[in-house]
2 protein chains.
Amino acid sequence: MADTPGKARSSRYRDIAARLQKDIRLGTYAVGNLLPTETELMASYKASRQTVREALRILIEQGLIVRRAGLGSVVIAAEPPVLFTHSVKSLGEWLRYSNETYRDVVQSGDIVADRKLAAHLKCEPGKSWFLIEAVRRSDQFAAPLGWTEIYVLRKFADVVKRSDHGRTPVHEQITKMYGQVTEHAQMEIFVRGMPAPIAKALGVKTGSPALTVVRRYYGQREELFEVTITTHPEGRYTYTMDMQRSQRPRL
Amino acid sequence: MADTPGKARSSRYRDIAARLQKDIRLGTYAVGNLLPTETELMASYKASRQTVREALRILIEQGLIVRRAGLGSVVIAAEPPVLFTHSVKSLGEWLRYSNETYRDVVQSGDIVADRKLAAHLKCEPGKSWFLIEAVRRSDQFAAPLGWTEIYVLRKFADVVKRSDHGRTPVHEQITKMYGQVTEHAQMEIFVRGMPAPIAKALGVKTGSPALTVVRRYYGQREELFEVTITTHPEGRYTYTMDMQRSQRPRL
DNA sequence: TTCGAATATTTATACGGACAAATTGTCTCG
DNA sequence: CGAGACAATTTGTCCGTATAAATATTCGAA
C-alpha cells in the first residue's frame with residue numbers, strides 16, 4: 001500500500017503532468033507530434049514557466065517526450081514503456097558463483113583459432129588468443145563444479161600471474177591491470193553431451209548431459225576482449241535470474 | 001566519440017555538479033554525511049538557488065545523493081553505481097522464442113502438487129494447479145523444439161479456450177483475460193537427463209542431455225500465479241542474453 | 001526524566017523576469 | 001536553383017523572491 005494509487009502528493013506541476021499524460025495516452029497529442037509550447041501551456045494552465053517545465057520534466061523521465069531547443073516537445077510514446085529489467089552491480093554477480101568457488105588453473109598458453117573455435121568466439125579464423133584452462137571448484141564440495149576455458153587477447157596474458165587470479169573474475173582483473181572496461185557482455189546457454197577431454201578432467205562419463213555457458217566481454221568500441229566457455233556436469237550448476245517490472249533498475 | 005569526455009556543454013550548474021561530484025569522490029563529503037545546504041552552496045558558488053538545485057538534481061540522477069525537506073542532501077554513494085542491465089519490452093522477448101514457434105497442446109486438467117512438484121513450483125504440497133502440457137514446435141522444422149508444462153492457478157484455467165492460445169505466452173493471455181499483471185518473474189536454467197515420458201513424446205533417448213528452463217511469474221503481492229517448465233533436447237534451443245553497462249536501461 | 005508543543009532549519013513548490021543557444025523557415029543574392 | 005545571411009520561434013540557462021511542507025531541535029510541563 002505504499003506504491004499504489006494515492007501515493008502521489010498533490011502539486012500544481014504533478015497535476016499538469018497528469019493531464020498531459022492523459023492527453024498523450026488518449027491521442028490528443030499523437031506520437032510524433034509536438035506538445036504545445038511552454039508559453040502556450042503557461043497560458044492554458046495559468047501556471048508559471050517553472051511549473052510547466054517541472055511538469056514536462058516528469059514526462060521526460062517517463063520516456064513520453066523528448067525536448068530540444070528551437071524545436072519543441074516531441075511525443076515519442078503514448079504510454080510509459082513497460083520494461084522488465086534485470087540488473088546486477090557487477091558481472092560477477094551475474095555469473096551467480098558464490099565466493100566459495102575458485103578456479104584451479106590446469107594450463108595456459110597461446111592458441112590460434114581454427115574455424116570451429118572462431119565460430120564460438122565470434123572472431124576471424126587465424127586470430128591469436130591466450131587460453132587459460134581451469135577447473136572450477138568449491139570449498140564445500142570435493143567434486144569439481146565445471147571446466148572453464150578462458151580466452152583473452154594476448155596482450156592481457158599476464159593476468160594469470162596475479163596472486164588473486166583464481167578467485168576473481170578475469171575480466172575484472174583485466175580492468176584493474178590494463179584499464180580495459182567491459183561496456184557490454186553477452187551470454188549463451190545451451191546443452192550438449194560432455195566432450196571427452198572435459199569428461200576426463202571432471203571425472204564424469206563422456207556424452208553425459210552437460211550445461212555449457214559462453215560469455216563474451218566487449219570493451220569500448222564493441223571490441224571483444226574475453227570469452228569464457230564453462231561446461232558443467234548435471235546437477236552441479238543452476239543459472240537463475242530475476243526480472244522486475246520497472247522503468248529503472250533498482251539500485 | 002559521442003559519449004566520451006568533451007561532450008558535456010559547459011554551463012554553470014554542470015560545473016557545480018562536477019565539483020560536487022569530485023568532492024564526494026575524494027571524501028570531502030563522505031557517504032552518510034550531509035552536503036552543504038542550498039543556501040551555503042549559493043554563497044560558496046555565487047550562484048542562484050535555481051542553479052544550485054539544478055546541479056543537485058544531476059547528483060540525484062547519478063544516484064550519489066538523496067534529498068529530503070527539513071533534512072538536507074545525504075550522500076549515499078561516492079561514485080555513480082555501475083550497473084549492468086538487461087531489459088526487455090516484454091517477457092515474450094525474454095524467452096527468445098521467435099514468432100515462428102507455437103505450442104501444440106497435448107492435454108490439460110487439474111492437478112494437485114505432490115512434494116516433488118511443490119518444490120519445483122515453490123508452493124506448499126497439496127495446492128491445486130491447472131496443468132497444460134504441450135509440445136513446442138516450429139513452422140520451419142519437423143522436429144519438436146521441446147516439451148512444455150504450464151501450471152496456472154485454477155481460476156485461470158479458461159485460457160486454454162482462447163483462439164490464440166498456442167501462439168501467445170500464457171501469462172499475457174492471463175493479463176488480457178483476467179487483468180492479472182506480472183510484476184516480477186524468475187528463471188532457472190539447468191541440465192538433466194531427459195525424463196522417460198518427455199523423451200517418448202519428443203522422440204529422443206531417455207537420459208540424453210536436456211536443457212530445462214523453469215519460469216515463475218509473480219503478480220502484485222508476490223503472488224505466484226504461473227510456472228512453466230520447458231525441456232529441450234540437445235541442439236534445439238540456446239538461451240542468449242545481452243547486458244549493457246549503464247545506470248538506466250535503454251528504451 | 002519523558003512527552004509534547006513550539007521553534008528553527010532545510011528542501012519543495014511556485015511566481016516573476018532576462019538573455020543565450022538551437023532550430024526552422026524565409027529571403028536575398030549570385 | 002543553391003548558398004548564405006537573417007529573422008522568428010522555442011527550449012536552455014540563470015537570476016530574484018516568496019510561501020509551504022517536512023524534519024530536526026529546543027524547551028517547558030507533568
Side-chain angles (χ1 to χ4, degrees), chain A residues 2-3 6-21 23-24 28-77, chain B residues 2-3 6-21 23-24 28-77:
Chain A
D3 215 85
K7 91 172 169 177
R9 290 186 320 293
S10 150
S11 58
R12 200 87 179 73
Y13 71 91
R14 271 187 263 262
D15 291 346
I16 297 176
R19 290 179 62 176
L20 290 174
Q21 283 166 31
D23 287 342
I24 289 174
T28 309
Y29 307 121
V31 173
N33 289 12
L34 291 174
L35 241 48
T37 67
E38 293 181 354
T39 314
E40 287 167 337
L41 291 173
M42 286 165 69
S44 60
Y45 286 107
K46 303 267 192 296
S48 74
R49 187 156 173 235
Q50 169 97 339
T51 305
V52 168
R53 284 175 62 80
E54 207 63 39
L56 291 171
R57 210 191 286 263
I58 292 181
L59 302 194
I60 291 174
E61 288 214 344
Q62 299 199 326
L64 295 180
I65 64 171
V66 291
R67 284 158 60 77
R68 267 161 60 198
L71 213 178
S73 306
V74 186
V75 180
I76 58 174
Chain B
D3 214 80
K7 89 170 171 180
R9 290 186 322 293
S10 149
S11 58
R12 200 89 180 72
Y13 71 91
R14 271 187 265 262
D15 291 346
I16 297 176
R19 291 180 61 176
L20 289 174
Q21 282 166 30
D23 287 342
I24 290 174
T28 308
Y29 307 121
V31 173
N33 289 12
L34 292 174
L35 242 47
T37 67
E38 294 182 353
T39 315
E40 287 168 338
L41 291 174
M42 286 166 68
S44 60
Y45 287 107
K46 304 266 192 297
S48 76
R49 184 144 178 250
Q50 169 98 354
T51 305
V52 168
R53 284 176 62 80
E54 207 64 38
L56 291 172
R57 210 193 285 266
I58 291 179
L59 302 194
I60 292 174
E61 289 213 344
Q62 301 203 325
L64 295 180
I65 64 172
V66 292
R67 284 158 60 76
R68 266 161 59 199
L71 212 179
S73 306
V74 186
V75 180
I76 58 174

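Per chain, numbering begins at 1; letters A, B, ... match sequence-line order.
Distance check, rounded to the nearest 0.5 Å: CZ of Arg14(A) to OG1 of Thr51(A) gives 12.0 Å.
Residues Ile24(B) and Val31(B) have side chains not in contact (no heavy-atom distance under 4.5 Å, counting atoms from C-beta outward). The shortest side-chain heavy-atom distance between Leu34(B) and Val75(B) does not fall under the 4.5 Å cut-off.
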Next on the checklist: Return a single string for nucleotides 11-18 of chain C, one symbol per nucleotide in 5' to 3' order, where B is base contact, S is sugar-phosphate-only contact and - is none, cutoff 4.0 angstrom on heavy atoms.
Outcome noted: BBBBBS-B
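Under the 3.5 Å distance criterion, with hydrogens and angles disregarded, a donor-acceptor pair is assigned to the side chains of Ser73(B) and Arg67(B).
Counting 5' to 3', DNA chain D first comes under 4.0 angstrom of a heavy atom of chain A and last does so at the ends given by dT10(D) to dA22(D).
Taking the charged nitrogens against the carboxylate oxygens, Arg57(B) and Glu61(A) have no contact shorter than 4.0 Å, which rules out a salt bridge. Electrostatic pairing of Glu40(B) and Arg49(B) does not count as a salt bridge here, judged by no charged N lying under 4.0 Å from a carboxylate O.
For Thr39(B), the side chain to side chain contact (heavy atoms under 4.5 Å, CB included) test picks out Thr37(B), with sequence neighbours left out.
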